[in-house]
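Encoded as structure tokens, the structure appears first; notes follow it.
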Protein chains: 4
Amino acid sequence: MISNEEVKERRKARQINQKDRILQAGEKIFARKGFHLATLEEIARDADLAKGTIYLHFLNKADLFVSVIEKKLNILLKKIKEVVREEGPPVEKIRKVTEIHLRFLEQNKNFFKILHSLPGEHKREMEKELTERVIKKNASYLGIIQKLIEEGIKRKEIKPLNPRKLAVILVGMVHSLTINWISCNEKYSLSEDHNLAWEIFWKGARLDSFNKR
Amino acid sequence: MISNEEVKERRKARQINQKDRILQAGEKIFARKGFHLATLEEIARDADLAKGTIYLHFLNKADLFVSVIEKKLNILLKKIKEVVREEGPPVEKIRKVTEIHLRFLEQNKNFFKILHSLPGEHKREMEKELTERVIKKNASYLGIIQKLIEEGIKRKEIKPLNPRKLAVILVGMVHSLTINWISCNEKYSLSEDHNLAWEIFWKGARLDSFNKR
Amino acid sequence: MISNEEVKERRKARQINQKDRILQAGEKIFARKGFHLATLEEIARDADLAKGTIYLHFLNKADLFVSVIEKKLNILLKKIKEVVREEGPPVEKIRKVTEIHLRFLEQNKNFFKILHSLPGEHKREMEKELTERVIKKNASYLGIIQKLIEEGIKRKEIKPLNPRKLAVILVGMVHSLTINWISCNEKYSLSEDHNLAWEIFWKGARLDSFNKR
Amino acid sequence: MISNEEVKERRKARQINQKDRILQAGEKIFARKGFHLATLEEIARDADLAKGTIYLHFLNKADLFVSVIEKKLNILLKKIKEVVREEGPPVEKIRKVTEIHLRFLEQNKNFFKILHSLPGEHKREMEKELTERVIKKNASYLGIIQKLIEEGIKRKEIKPLNPRKLAVILVGMVHSLTINWISCNEKYSLSEDHNLAWEIFWKGARLDSFNKR
DNA sequence: AATGAATGAGTCTTCATTCAT
DNA sequence: GATGAATGAAGACTCATTCAT
């Protein structure tokens with residue numbers, strides 16, 4: 001005999017599962033076709049659901065799109081914030097964050113494709129606020145790197161250059177390597193590129209007087 | 001009295017002029033709205049032409065889009081190839097190329113916006129070959145940098161790292177700085193960032209034993 | 001201890017109560033939004049029930065719509081038939097019926113709004129029979145007035161004009177006054193208009209030779 | 001040889017013709033199905049045009065709907081205003097206006113069906129302003145009758161009753177007769193009913209002391 | 001050559017209805 | 001009985017593309 005409570009819990013579990021399936025299908029299709037060419041029809045089919053069901057979980061196409069990104073971005077940010085909270089010198093943290101970032105992109109290339117297409121995927125006026133939300137969240141990642149760099153500069157480990165731009169450069173390197181990896185059909189391990197990126201950035205940005213390892 | 005020759009030439013001139021106006025309007029509108037949200041109606045209006053006229057010069061919307069990019073890319077590539085043909089050490093050429101690249105992006109931010117949106121602007125199957133064309137041309141820029149780096153490595157000026165990836169990293173830095181510049185509403189001179197990018201890249205990539213300036 | 005009988009009765013009572021709540025909610029929402037813009041979702045919410053429950057009592061949306069009207073129409077017809085059964089001259093009965101009609105509309109403006117929208121709320125082919133039902137019932141009201149007028153003519157109290165059309169005219173006056181009352185935001189007492197309607201109709205329709213009051 | 005001017009004029013003429021065909025198709029289909037059940041697809045088919053063409057002439061479905069009504073209403077109002085401008089006693093004008101009104105409805109029953117369904121055809125919030133426009137125009141007809149009645153009262157030809165409500169009653173009679181005529185499948189001449197309506201209204205509303213004709 | 005009116009395929013979104021629980 | 005999650009049919013609207021003038 002199944003209690004009423006249990007029934008409700010099962011339903012809820014199924015729903016969460018369903019929402020997740022939609023998000024996954026969304027990630028896949030949006031990555032493959034971009035926002036405009038992806039159709040809810042196709043996403044629903046991929047999630048093995050009816051079109052209308054998507055609207056039980058999301059306001060509209062744009063909301064689904066943003067939710068797909070936000071979900072992944074939250075996971076990445078959580079991982080990164082964990083590293084930042086650890087003890088240790090900021091430079092080491094930056095290295096670790098870069099490593100995590102690349103590993104995450106390697107495992108979530110669909111997400112990366114969507115994220116990278118974000119600025120190009122112009123939205124209709126009414127959908128802008130949604131995009132805004134994601135762009136802010138994305139920017140917060142840059143802010144974390146920037147803070148670590150500022151600390152590194154304070155500790156005389158990093159050259160006193162514009163910390164914002166140094167962060168921009170580091171992230172740019174990571175993204176560019178990811179694009180290259182994807183355009184090579186992921187024939188090598190992206191996270192291994194971490195050493196290369198770090199070599200260039202660290203040798204380039206460290207304060208020359210700082211004790212070289 | 002106007003000769004037959006002259007009439008033909010004038011016509012041709014007008015047509016070229018017309019085509020150029022469409023390309024310029026396309027650059028503007030595509031940059032503002034992205035591929036899918038830009039309408040031929042609006043582009044035609046901006047070019048002060050009728051919608052149908054666009055089809056006298058371009059196959060379709062995608063062709064116009066790609067042509068807008070190609071035209072600019074050709075200009076950039078021409079400038080860069082000039083530098084490459086000059087005498088001098090490859091490292092210096094790389095520096096110059098980077099400088100030219102940033103200056104070009106500063107003066108053509110519309111173009112950059114479109115270029116950056118390219119991976120996201122997926123096309124329908126039949127239009128893929130068009131996009132291919134641009135991606136190849138864009139890649140040829142990367143190839144130039146790569147060759148210069150290979151030479152630098154041969155001359156023991158640059159560390160014997162993967163030249164392709166070093167090129168990727170350098171271009172990634174440039175793009176990332178450009179994105180940052182645009183997201184700051186272009187409040188500073190982008191070409192000044194050239195020094196920063198070069199500082200990081202060069203300090204990071206030069207062979208330590210190489211004579212430091 | 002509750003008897004089996006009692007349990008059944010309670011259930012039935014609850015059901016009737018439920019059905020009535022749906023009818024009331026329907027009256028409210030249909031009046032506010034019209035047939036097409038009213039949603040079963042909203043009606044269910046207003047009746048504090050689940051959407052599916054409506055289908056335990058009604059065939060479909062159209063059936064509910066028609067039932068809402070029929071229920072009210074039955075109440076009105078019952079009241080009117082009572083008056084008709086009374087002793088007295090037909091002309092006096094007509095006056096009373098008109099009075100009751102206006103008072104009823106005053107107290108049931110939701111219903112009136114729905115009724116008046118009926119001709120405009122065209123149904124899909126398969127739902128026509130439902131609408132037929134209501135239209136017939138509505139017509140039966142007209143028939144009652146007509147019969148009274150016929151009698152009045154026979155008794156030489158009313159001019160020997162087309163009794164059907166006289167009935168149509170009288171009902172038209174009543175409806176028109178009601179529309180006016182609603183469009184004035186019900187700022188006055190509608191049933192007071194009864195005197196005016198009667199004055200015009202009676203003075204206009206009475207046989208001149210008939211003893212003037 | 002056809003001049004450029006001529007080409008333009010022909011085009012314009014064709015367009016006006018086209019717009020009119022859409023309006024006529026709209027009148028027909030809206031009358032048959034009501035606002036919500038009428039589809040642009042069907043209207044376009046009936047006008048022998050493609051769906052998209054409707055949008056070259058009207059903003060959207062609601063705009064077409066309102067335009068259908070407005071067009072007819074303008075014609076009716078024009079006719080009525082002509083009568084009002086004539087010389088003569090107000091009572092006679094009212095009689096004439098009523099006659100014109102009935103004749104117009106007889107010849108435009110589609111229009112009448114739409115007009116009568118108007119209050120029931122609730123619109124979405126954004127479409128309300130459109131409906132507003134029509135309701136006002138429709139009300140202006142009532143205003144004209146009201147003014148004539150006021151004059152009649154001043155001239156001691158009509159009883160000093162509420163002129164607004166007298167107008168409401170007269171219009172209600174006319175509408176009700178029209179509904180009856182339609183529900184009888186238009187088997188008789190509606191404009192003949194004019195005499196009946198006038199008989200009732202005039203005998204009912206005239207000041208008893210006024211010289212009886 | 002140049003135009004822009006006409007087209008109709010394509011897609012988001014809503015909501016009555018069903019049915020497993 | 002009662003629920004409300006899931007469905008999918010239906011329709012307004014947009015816009016690239018065509019073609020008569």
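Chain identifiers are assigned alphabetically (A, B, ...) following the order of the sequence lines, protein sequences preceding nucleic acid strands; residue numbering begins at 1 within each chain. The structure displayed is predicted, hence computed values, not measured ones.
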Work out which heavy atom in D/Lys71 is nearest to a heavy atom in D/Asp20; give both atom names and the distance.
NZ-OD1, 3.9 Å

Any idea which of F/dA12, E/dA16, E/dA5 is nearest the D/Thr39 side chain?
F/dA12

Nearest of F/dA6, E/dA6, F/dT3 to any side-chain atom of D/His57?
E/dA6

Check whether the side chain of B/Lys51 and the base of E/dT3 form a donor-acceptor pair under 3.5 Å.
no

Length of the [atom1]-[atom2] vector between [X] and [N], whole Å:
{"X": "B/Tyr55", "N": "F/dC15", "atom1": "OH", "atom2": "P", "value": "13 Å"}
{"X": "C/Asp63", "N": "E/dA16", "atom1": "CG", "atom2": "C1'", "value": "14 Å"}
{"X": "A/Ile54", "N": "E/dC15", "atom1": "CD1", "atom2": "P", "value": "18 Å"}

Assign each of A/Ala62 and B/Gly52 to its nearest nucleotide of DNA chain E by heavy atoms, then name whichever residue's nucleotide is nearer the 5' end.
B/Gly52

Both D/Leu56 and B/Leu56 contact DNA chain E. Which one's nearest nucleotide lies toward the 5' end?
B/Leu56

Taking the nucleotide of DNA chain F with the closest heavy atom to each, which residue, B/Lys61 or A/Gln18, is nearer the 5' end?
A/Gln18

Evaluate the side-chain proximity of C/Leu49 to C/Ile54: yes if any heavy-atom separation is below 4.5 Å, no if none is.
no

Is any side-chain heavy atom of A/Arg32 closer than 4.5 Å to a side-chain heavy atom of A/Glu42?
yes

Tell me whether the guanidinium CZ or amine NZ of A/Lys113 lies under 6.0 angstrom from the six-membered ring centre of A/Phe30 and within 45° of its axis.
no

What is the base-pairing partner of [N], counting Watson-Crick and G-U wobble geometry with both distances under 3.5 Å?
{"N": "E/dT14", "result": "F/dA9"}
{"N": "F/dT21", "result": "E/dA2"}
{"N": "E/dG8", "result": "F/dC15"}

Under 4.0 Å between any heavy atoms, over every strand shown, what does D/Ala38 touch: base, sugar-phosphate, or nothing? Just pick one.
sugar-phosphate

